[in-house]
Each structure stands twice: as C-alpha cells, then as structure tokens.
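Okay, so here's the structure we're looking at.
Chain A is the first sequence line, chain B the second, and so forth, proteins listed ahead of strands; every chain is numbered from 1.
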Amino acid sequence: MTATTTNPAFGPGRRKPFVMRNPSVLVFLACLAIFTVGVTILSEGFGIGVISTSFIKTLGKTLCLCLIAVAMDVVWGYTGILSLGHFAFFGLGGYAIGMWLMYERTRLIVAESMSNAALPPTPEEISSGIATQIFGVVGASEFPPIWAFAHSLPLQLLAVVLVPGLLALVFGWLAFRSRVTGVYLSILTQAMTLALSLYLFQNDSGLRGNNGLSGLQNLPGVTASQDIVSMWFLWASAFALGAGYLLCAWVVSGKFGSVIRGIRDDEARVRFLGYSVEGYKLFVFTFTAVIAGIAGALYYPQAGIINPAEIAPIASIYLAVWVAIGGRGRLYGAVIGAAFVSLVSTYFTGGQAPSINLGFYTINWVDWWLILLGLTFVLVTLFFPKGIGGLFDLITDRRSPDRHGADLGPDQGALREKEAEE
Amino acid sequence: MNAAAATAAAPRNDRLLEVSGVSVSFDGFKAINNLSFSIGKAELRAVIGPNGAGKTTFMDIVTGKTRPDEGKVIWGDRSVSLLRMNEAKIAQAGVGRKFQRPTVFEDQSVFDNLLMALRNGRSAWTVLFYKPSDEDRARVVALAEEIGLETQLARKSGELSHGQKQWLEIGMLLAQEPQLLLVDEPAAGMTPAEREHTTDILKEAAKTRAVVVVEHDMEFVRRLDCKVTVLHEGSVLAEGSLDHVTKNEQVIEVYLGR
Amino acid sequence: MTRLLRLLAACLFALLPAAAMAQDTDDLSEIQALLQEHREIIEKSSRRTIGPAIDAIAASGLPAAQDVLERWQAREMWQRTDDGLFFFTEEAGEDANGEDLLTLFDIATGEEVGTVLEDDMDQLKPNSGIRAMMGAALVRFQLTDPNDRVRNRALTAIERDAQDSHLATLRSVIAEETNPAIAARMARLERLLTIRFGEDDAERIEAIESFSGDLGVDLRATLNPLVQTELRVAEGEAPEGEDVARVLRPGSEALSKADAYTLLVREELAPPLISGDDQKAALVANIIDGQVAGIQVADLNTDDARDLAYAELVRQGAVEAAATEDEIDEIIDGYAFYEVYTATSPEVVAAALGALRSIDTKVAVNQFLDLTLDALSLASIYFLAAIGLAITFGVMRVINMAHGEFIMMGAYTGYVVQQIIPNYTASIAVAIPLAFVVTFAAGVAMERLVIRWLYHRPLETLLATFGISIALQQLAKNIFGTQARPLTSPDWLGGALVFNDVVSISYIRVAIFVLALIFLGVFLFIMNRTRVGLEVRAVTQNPRMAASMGINPDKINMLTFGLGSGIAGIAGVAIGLYAQVTSELGQGYIVQSFMTVVVGGVGNIWGTLLGATLIGFLQKFIEWFNPSNTLAAQTYMIIFIIIFIQFRPRGLIALKGRAAEA
C-alpha cells in the first residue's frame, strides 16, 4: 500500500502522482463508481425499479458504515489504537444533523398549522410551538441551550464536524497525554462511549432522552418522494466514501503513514526518533472522529431515527468486528468487512433467511445469527488475523512478494502490544 | 579520539552532556546512586559494568524515559536541562538512542525506515505534507551505503538478518544526525565480521559527535580503543583507558570477585 | 357504701328538684342516679353546659360508666318520656298497629327490662362536639384498661389524631401506668402533646428542649406545623413587628415572578395579568375590517405590535386594562414579599426552629452514615464483580470481555437450581458452589480453546472474548428468553438491619458485603499461603523462569483463568439475588468492573478493593448530590475516572520500577 515499497526507484527523479503509486485506490474508486451507477440504473427512483427503495436505503447506510470502518481502520489497523469510541462520534454526527432536520421539519409543520389562525403568529409563538412539539415527549416545552443553532443548516453541518472532533480532541489529549495505551486505552474509550450514551439516555440531556430524534428521513421543504431522496443520500454516501477513502489512503501513505505504522509497531522507538507520538495519535484520533461524524450525519437521515442505544459501547465493538473480519491495516479490507458483515447481518436478522429444521430443533436465524457471528469472529481472530482482505494477498503476493508483508501474522508481527513484551 | 586525549579533563564549553548527582530508585532499590558523568562534543566512550550496574537506567534517564529522583542533566552549549523535556524533545535536541534489541520497523522497507529517521520536520502537519526531496533521497542512499545496506533499500526490514537490523538501526540514528549517540550492546549476537563493521561505523561516527557505547564484551570495547567508564551499583567506579581501569582493584573485584 | 351515701347526699342537696322528679333514688342503680342528677343538662345537650355531666360519669368510677358513655356516644341511649329514666335500647320491630317498638335494657346491668313503643321514648342525640368530649372521656377508660393491648391501641389512636383534651387525660393516667414500655410511650406522647397543646409557652418550650437529640419522625411531624409560614406582601419594606421568617425575592427559586404577581392580584394590589392567549383572543374578537384598533392584522406578528394594539383597545374602552408580562417586573418591584410565622408565639417558634435545626444536623449526619453503608454495599458489589476480572486481567494480563457473561451464567445457574430445589436456603447453598463449578468449567474451556493462543496479543484477546460474549449473551437469550427471571432470596435475608429512623441496610446487602470479605480472605489465602498461589505469582512475574523450575505455566494459566471465572459465577448468584436476572445482567457490570481494576491498579488485589471502594463511594455520593438521576451519576463517575487516570495512569496501587515500565 505504501508508495515506496511498491516503487523501488529511490534515487533522485520525479515521483509518480499519489494514485498511480497506490493502484488499489484507483481500483476501489472504480468499483465504487460502477456500484453507484449500477444501483442508480436498478433503482425505483431513477432506473428500472429492480431494487426497492428500502434496500436502496440499506445500501446507502452500508456505504456510511464502510466510511466509518475506513476511519476505524486508520485509527486501529494503521495506528494501533483500538478505539471503542468511534461509534459515539458517528452518533454525535447523526445527532448534529438530526437536530436541524427535526427542527426545520417541525418548524414547517408548526408554521403551517398556525398560518390559518386569526392573527399571524409571533416568532415566540412559533418557537414555543416547535419546542412543545419536539420536547413534549420528555415533558419539556423550551429549547435546551444546545439547540441554539438548530435553526441553521450551515451551523449544524459545522457541528457535524466540530462536535465529534472536539470531543475526540479533548478526550484524546487527556488519554494520550497520560500515555494510556493498549487495552487500557480501549477500555477508556469504551467508558467514554458508555458515559455519553448514559448521558443521552437522560430526559434532561436536551436530546429527547431515549426517544432520540425521529422523522429524519424527511428532508424539510423537499417534496420529492423517498424513492428519489434515498438515491440522493446514496449518491452522497458514495461520494463521501470515495472522498474519505482517498483522503485516508493519502494520509496513511507516505511518511505520515510510516510514522503512524511505526507508532503501532513500536511506540517507544518512534518517540526516540524525535516524533511526538502523542501529537500523531491525537491527530489520527481526531481526524478519524471527524470522518466518523460525517458518516453518521449521512447515515441517520437514511435510518430515519437516532437514539442513545445506537451509541452504546456494543456498536463500537461491532465496528471493530467488521474491520477485523475485513482485514486490518488495509483500507479496502475495512470496506469489505463493514459491507459484508452488515449486509449479512441485515439478511439474517431481517427474518428473510430460511430457518433450518433439524427435526428435533429448528434453527431460527434471528435467534442464532449473533451466536454465529460471535463464534465466526473468534475463529477469524484465531486463524485469519488478516481477515477477508488477506485473501487478496494470496492473489497479489505471487506477483509482488513485498507488497503486504507479514504485518498481521499471528507469530511475529506488527500488532505487538507493549503489555505483551513484558 | 584516543584514550589519552579523552582522559584530560575537557574544558567546560567542550562538554556536550553533563550528568551530576543523579539518583533514582525503584521500590526502594537504588538503580542509580549519585551518578555523575560527562562527555565532550566529539568523543567515543564505552560504559561497562556488571548486570544491574545501572547502564540501561542511565540511558533511560538521559533519553527521558525515566525521571530521576534527584540530580541534574545538563545538555549542550546553552546548558539546557534535559529533565524538563520528554523523549521526543530530547531526541530532537540531538540525542539518539539504539536499543539492546534491534528495533526497526519490520513492516516497512529499509528506505522508509531511514526516511523516517532523516533529520526533517517532526510535527504531524509537516510530515503529512512531506514529499521526499531529491537531497533527502540521495541522503538515504548515502546512509544505506555507509551501513552497507544499499542493495537492500526496497526490502522489508523484517526480512533482514540480525546484524543487518543492527546496522539499519545505527543508520537510522545517523540519519537523525544526533550530537550524542547512545548505543546499547551493539555487538550482541553478531558474527566477528559483523562486529568489525560495527566498530568501524561507531568510530567513524565518533569523529563528528559524541558516542556512548554500553557494552558487556571486553574484546569489543578494546577494539573501540576509547575512554572507559565503569559503572557499579548505580555509580561510577572507575574511569580512564581500558588498560587503566582493568588494573583497578575494585573493578577486578566487581568483575571477577563474585 | 359510705361513698354511695355521700353521693346520694350530694344529690339530694345539689339537685333537689331533679331528685324530687325522680321516683325514688333508692330504687335506682347508682349510674342511673348519677344520670338523673345531671338530667337537666343531659336533656339540654349543649356542648357548653354538658361538661359536668360527662366529667361526673367519667370520674364516678362506676363499672357501667364506660358502657354508658360509649352507648350514649353511639346514640343508643334513650330516655323514657314519662319518668325521665335512661335505658339502652334495641329496635324490636313493630307492634300490631305498625308502631315501632324498642327493647329496653337496664343501663347498670344490661338486663332486658321490657319492650315499649318508640313514641314513648326520646333518643339522646349528642352533637359531634359532645361526642368528641365523650371520646376524650372514654380515652381515659382505655388508657386505664388492664389489658396492655387496649392501652397501646389507645395511644396509637392518640398519636394518629391528637386532641387537646388528650393532654390532660394522659397526664392524669401517666402516674398509674405500671408497664414500663407503655409508661415510656405515654411519657413521650405527653411531651409531644405538650408541644402542641401546652397552655403556656414556657411549658411548650421546655417540652421542645427535652427532645434534644431525638430523630423521631413523630417529633418532626409535631414541630413542623409550629414553624409554618404564610406568604405576605407589603408595599415597600416588610413591616416590623411581625414574626418574619424571611424576605423573598421574586424571580428566585422560592418565589417565581408569576407567583408573586398572582399574590398581588389576589390582594388586589395589581390588575390581573392577561395571558398571551387571552390577549390574542381579545384582539381577535376586535378585528374590524382586517384591522385591530387601526392596525393591520398582518402586522400583529410580534408581541410589541400586539401590546400596542391592545393598549389602543384599552384606550378605546373596548377591553379592560390588564398588565402584560412586561409590566410585571415593574409592579412587583414596588412590593416586599415575606413569610411570617403564623402558628404560635415567636418564642416557641424560635425553640422549634432550634430543635429542627439540630434535628436536621443529626439527620444529615445519619444520612451520611446511611449513604456510607449504601456506598459500602455498592463497593462490595463492584468488588465481587471485579475480583474475577482482577485475577484474569491483573495476574495474567488477559482481558476477558466475556467476564460479564460469566456473571450472568452464575446468576442463571442460581435460577435453574431454584427451579429444581424449591427451598430457597437450600437452593442458594447448592447454587453457589454449582455456579462456581459451571463458570470454572466455562472459563477453563475458553482458556484452552481460545485464550492460550493469544497470550501475547492482548487486543486480539479482547476481540476474541468479545465474540464469545456476544455468542453467550444470545445463547442465554435463546434459552431463557428476554424477560427477567427472578432469583428469590431466602426469608432470613428478607428484612433490613435498622439502626434508627434514617440508617438502615437490607440483609442481602450485608450478606454481599460479607461475601466480598470472604472472597478477599480466600483470595489472599490462596495467593499467599498455598502452593498454587506461589506458582501463580511465579508465573506472573517470570513465566520462563517459572517453567524452568518445574512449574507448568500452561496449567497455572488454566487454573487462574478458571478461578477468575468461577468467582464471577459466585458473584453472579449474589448479584442475581437483588437484581433481575437477564441475559444483559453482565453487560451492566463489565465497564464498572474494568474501571475498578484500572483505577485500583493492575495486579494487586488491594488495588481492586481500593478501586471498588472509590468507585462505589463516588457513585453514591454523586447520586446524593443529584438523587433523581442515577444515569447522570454514572456519567459523571466515568468522566471522573477518565480524569483520574490522568494523574494515576497505573491506578491507585501501581507497580513501580522496570516491571511496570516494560
């Protein structure tokens, strides 16, 4: 994946452009483009209607999950920080955009209902009308302070980036500064996620407690049907995934990539080379948190609802599962893992999978899928640490043996931990 | 640098590193006890001592890995204290360290390893937008020649032999262009031919900078032909040429008397 | 006999006319004679004059006196119209002419004396005031009843609904009480009644002060009405000479501006406030040709415009003047709002306030104690949940995300055992070792199959055990369903250990605390006093060296992991006893358990203990500041831990030196 390993011309001379040095990026972008065009042709909204709108939404959501998986791969597969908090950033992005969607849509409804009154409504009346609509379920009728910017789409879009980014920055600064590493860091990020979800579960958190935000699938002021809107979101998600993938591929290649992989493999050594390990970790943590926030902001309008349960620590662990099954340390592995596992999960838990009748017992997949997933995950961890992406090595390794190396092998390898070296 | 020149007390402004009165203890065990040590700007120095004499802890203190309980560590012309800096800052200030076990980034090519070590901007932002210039690449190739790995640039460093890894690590240290090089048991596990090569690299390096070699192997130390500091129980037992210290009765007792 | 003679003499002298009207006092029973003596006021039946009659009956000491008072109170005593004698009656149906009949009974003996027409009798109909007086008189009988239960019941009745008359009654019987428990109860009640009904302030204050140091709810219930306040308003400053409790600022928490204004309106000091809706309605009612008071309707989309239009309507006389919300502040500013004590004299108020203050202080101290007990029990739960993890994570550096599921497994084991063995005590006794065995086996299996392949890759272990955790949770869901299963504790663990009105702790929590102590002891014993413990410590510190000395690290790792898991199983039974057993039971404890281990410091049981104590106390005390919200408490606790780790990255009890840095 890295530029220099594939290009042994070390002497002076002009370097090839970034994408040429990383053919896998081109391949990926091409696949994504073909996928998007294909889905568009088959969709109900713009094509021949083979794929139902609900499945379009599933595909669009899957693209967002792929995007956060790419971010997770950068922070975990490349930098070695097993963050169990990135789904919290994902959720925060969703909440940020959800606030605007909910506010604006409620505002339109309230304004509509008040427009027939004898007197034109005052701004205060509209505002309190919206607040009652939104917060009635938690017994409040006033806007909490955090909704101060909910009326403004640009500000909430900024919040999609800033809120997860700032949280990651503050948390990361605290955690990395005190040199918390390895499993300690994982547990700490998990605790952060738990704290956030518990906080959001409260009714007075200002985000409707466990009701969450709903009705997000309706774009305010847009009269187009969901068939059309779902395609817009699919395109946006595909674009975000493409751009995010390109950006992440650029970040992990070159010298920066060398340094963060160095941090993953031997943090102390990088430090003695004069690199401020904490700074790099903080950069990667915050950068990927922002990507996660953007992915969440695209995901939840397609899902239609967001509530604190989405942020629970378990979600972040599933994210790690996807990346591990797809293959760490390679971005396309993360995409494959997220797409594969989440689509298969949807299939099995959606009740479409046929039950298996064993005579004495009927295996109902809705009940048994999680057990299968859990055990598969154990097997992958034990026997296929490279994940599905490792299969690509079997093809590519024959041509260029140095291309991926034994970085994730079970015996000696890259994902060594400080604790393991004692 | 010969031993005789080094024995004469270097003038104050010639000192690169001055460690004075440093003590550190772990759970009551005094690993370093009132240690004082100094080295000039272009000097090769061997530090020897039995196991547990505090050699590694001494290096930990200089490189900022361990904070001493008391004492001073003064660095460079401007006499800054290293105690207030973290590892990365100390490395940037010009202290390079080679670990006992060869630690190179096995997942990455020799070229990438050396490029990462090159003396360039270290901040995340600079590195993110870094493009290797022609000079940088030429410098990497030159370093590779110096450590005898010019044909191995494209290989993953994990595939190198043990000795080659040691050299790569020394090469990375040289790429950092440090003023002080701390080398922990460079000869461990090397073939005689590899040792000779290593000696040459270190002696060459010491012409332009200070080099401290921590070593067990007396033969290797003799070949370095430099001033020797003997550590024992966390403080300096003797200092001088190898012949001088090996005649010292205390040293003999420490090394042989047990 | 002498008494009777004296009584008769008294009758003859005092109420000669009544006596003369009576047939012949000698023929009458003593109680009848007494009633005849007071016949006039009894017939008059006025609350103001009846007193001497009731007193005389109550003080007579006659055996029938209580009966008479009770039946009289129940309106079952009638007077024969022709001779004025009193009888108890019962309805006896009707005679041949359809007239109502009554059966008469003698008031002294209760014997039936015949049946008469109801028209020949007058019913005594004491009003409620008189009945209350009789009640008070009856209390005296109950309080002197030879039966302890009756006396206690009477006291309870007084406690529940005290009358001022009770005070004197109580005082009069208190000296005769022989049962010490009842005597103490009477004495306490007497003092409480004195506080409420005492005649002069000195007496009441003395009674208040006699209670110093008492925490009783009854005392607080008695004192609180004394310091009742009433909100008043005055122009300018609060007037002097009134017993002002405090001056309130409108807009503060104690008095909202709206409430303050409402008070002003009620006192007719300010015009009524018009709400936004009313104002709107008024404006709408006055729309003429798309205009209100000359302003276009379309322009009435701000509050200012609406106020303006309304003011214009007022000027035109179309609507009544009313204050708008903006004017409230200005009006309120002109008045002082203050609370005065209304219940009693200032001196008593002062004494009551002082007593309440000291009670509050004592209650606070005791609440603190109670909180400490709560925190201690929470800490023992965390300790129980974390100790197994501390072993696997601390000793082996293996992180077991399925630890919570082992706790869950233990709890379900307890549930299954209870399905088979109905006796709760026996089932718990079986469940605890069985839970250990089950989870020990599960732990060993997991170690053999998964963890030992991953010893040098902690993050991979975390992931693999997480996979197991998902599978186990779902498996439990498939077997036991999603609804909570009860794990019932034996009766002897049912109650609570009560120290006083404030401090108490349930026996289950005491048991969990004891269990935690036992675990600590057993763990210390195994680690420090047994061969296995020695080997575990050796393997922990240097596996290679231990192996070269003939210790089989594989076996030790397996045993350690089994032990950690087994303890989780026992913890599961304990936790299941007071929490609902669901497949997600373990999830709720896993993060807290990790926190406990991390905060305490890895590799040290005392660290785990300290960590559990810190986290338990912290959580309880945060809850104390914000009792309604346990979610917030957990949030803040986790934030605290994140910050704590800044200062002690290696936990409270950290290993120092090279071992810790490697």
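Applying the ring-ring contact (aromatic ring centres under 6.0 Å, His included) rule to pairs touching residues 153-186 of chain B yields B/W167-B/H197, sequence neighbours excluded. The ring-ring contact (aromatic ring centres under 6.0 Å, His included) analysis of residues 52-96 of chain B, with sequence neighbours excluded, yields the pairs B/F37-B/F58.
Using a 4.5 Å cut-off on side-chain heavy atoms (C-beta onward), B/E106 and A/D265 make no contact. You'll find the side chain of B/F105 reaches within 4.5 Å of the side chain of A/V270, heavy atoms only. Taking the side chain as every heavy atom from C-beta outward, A/W250 and B/L128 approach each other to under 4.5 Å.
Comparing B/A117, B/A93, B/S123, B/G96 by how many heavy-atom pairs each has under 4.5 Å with chain A, the most go to B/S123. Each of B/Q92, B/R97, B/M116 has some count of heavy-atom pairs under 4.5 Å with chain A, and the biggest count is that of B/M116.
Contacts between B/Q176 and chain A at a heavy-atom distance below 4.5 Å involve the side chain alone, from C-beta outward. B/E169 touches chain A through backbone and side chain together, each having a heavy atom under 4.5 Å away.
Going from atom NZ of A/K255 over to atom CG of B/L118 covers 6.0 Å, rounded to the nearest 0.5 Å.
Contact record, B/A91 with A/F272: CB-O, 3.2 Å, taken as the closest heavy-atom pair.
Residues of residues 273-292 of chain A placed with any heavy atom under 4.5 Å of a heavy atom in chain B are listed by number as A/L273, A/G274, A/Y275, A/S276, A/Y280, A/F283.
Under the salt bridge (Lys or Arg N to Asp or Glu O under 4.0 Å) criterion, B/E145 pairs with no residue at all, not counting sequence neighbours.
Without hydrogens or angle criteria, A/R269 side chain to B/T103 main chain gives a donor-acceptor distance under 3.5 Å.
Heavy atoms of other residues, nucleotides or ligands lying less than 6.0 angstrom from CZ of B/R84 number 12 at most.
Salt bridge present: A/R264 and B/D107 bring a charged side-chain N and a carboxylate O closer than 4.0 Å.
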